[in-house]
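Written below as structure tokens is the structure these notes are about.
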Amino acid sequence: MARHNVGIIGSGPAGLTAALYAARANLHVTVFEGQQPGGQLTITTEVENYPGFEHGIQGPELMDVMRKQAQRFGAQSVYETVVRLKPQTQGFILTTERGSEYYADAVIIAMGASAKLLGVKGESEYMGYGISACATCDGFFFRDQHVIVVGGGDTAMEEANYLTRFCASVTIVHRREEFRASKIMLDRARNNPKISFLLNTVVEEFRGETLSTGLKKMTSVVLRNVLDNSLRDMPIDGAFVAIGHQPNTKLVEGLLDLDAQGYVITKGKSTYTNVPGIFACGDVQDAVYRQAVTAAASGCMAAIDAERWLETR
């Protein structure tokens with residue numbers, strides 16, 4: 001069984017930055033890229049808020065550059081999904097879905113989080129082409145346009161208020177009349193003149209077209225009133241699904257301490273977890289910011305923490 005100094009589970013900005021720093025420290029680094037190499041940015045078209053790219057960069061291109069930069073210093077990629085992580089007296093055994101086993105002295109958890117989606121027709125087709133799950137990531141692209149926000153919690157209210165900085169109008173679509181959002185967040189949305197509400201309403205389908213450039217574009221949403229089941233096709237420029245995120249922590253359930261939402265709990269301002277030798281970075285432990293640049297920053301922290309921890313051994 002091959003021995004690795006650091007096994008990194010996940011290949012988004014956090015995982016690949018951790019790989020870069022760990023590899024530059026002359027550690028033997030293996031990145032388990034999983035089912036979605038590059039993480040959530042691989043389904044993001046234009047990235048304009050990542051430092052260093054004046055004119056923006058395509059999400060998949062950014063992740064490819066980050067991967068090649070880490071590999072330049074010796075990091076290796078394994079395109080398999082880790083399905084079991086087992087602590088040993090010294091180090092850890094990582095088992096992939098193919099049954100392959102790898103040994104690592106230290107492990108960095110960087111599996112990210114996944115936006116909860118509606119699961120309706122057209123959603124996956126137009127994700128990144130008019131549909132988004134992150135207003136702070138994509139709101140700028142909808143300047144002076146008309147958008148909807150789907151959801152009824154604090155996240156939806158926060159996203160809607162943020163979008164009014166750019167959008168001509170924001171309509172909150174919610175399946176009930178009652179809201180899970182806190183009173184202060186709901187009041188802010190209700191008092192914002194750019195925000196309107198469609199209650200007792202659910203999304204049935206996203207519709208769109210293929211442009212002459214070959215790119216897809218979402219153009220309308222089919223809404224259903226849950227009281228009388230009537231349907232309407234509402235023309236819109238963009239849709240933001242704001243029903244929460246789910247951290248990808250199934251692998252470490254029962255091993256690492258998780259909070260009530262399932263995010264990995266790290267110690268203080270570090271990336272240390274409750275298990276010595278396991279470090280967590282990126283969206284898997286960040287329920288607040290969820291940005292590529294903050295994920296990358298915590299990946300740097302995890303690599304430094306892991307390097308120093310290994311030195312003490």
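Taking the ring centroids of F279 and Y272, they lie under the 6.0 Å cut-off. Ring to ring, F73 and Y21 are not that close: their centroids are 6.0 angstrom or more apart.
A donor atom on one side chain and an acceptor atom on the other are not found under 3.5 Å apart for R176 and N200. S182 and D154 share a side-chain donor-acceptor pair at under 3.5 Å. Between the side chains of D305 and T271, at least one donor N or O sits under 3.5 Å from an acceptor N or O.
Residues K217 and E209 are not paired through a salt bridge, judged by the lack of any N-O separation under 4.0 Å between the basic side chain and the carboxylate. A salt bridge between R207 and E205 is present, with a side-chain N of the basic residue lying under 4.0 Å from a carboxylate O of the acidic one.
Counting only residues at least two apart or in different chains, side chain to side chain donor-acceptor pair (under 3.5 Å) contacts with residues 163-174 comprise H146-S169, T164-N192, T171-S196.
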Item to check | Test log, rule ring-ring contact (aromatic ring centres under 6.0 Å, His included), inputs Y79 and F32 | outcome: CA-CA 6 Å; Y79 296 95; F32 296 88; over 10 Å; no

Checklist entry - Does the pair E158 and R188 meet the rule for a salt bridge (Lys or Arg N to Asp or Glu O under 4.0 Å), with working shown? => result CA-CA 9 Å; E158 185 176 0; R188 285 177 186 172; over 6 Å; no

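Residues that satisfy the disulfide (SG to SG under 2.5 Å) test with C300, not counting sequence neighbours, are absent from this structure. Remark: T294 engages D286, Y289, Q291 in a side-chain contact (heavy atoms from CB on, under 4.5 Å) (not counting sequence neighbours).
At least one donor-acceptor pair closer than 3.5 Å links the side chain of E123 to the backbone N or O of G119.
For the pair F166/F142, no side-chain contact is recorded, criterion being any heavy-atom separation below 4.5 Å from C-beta on.
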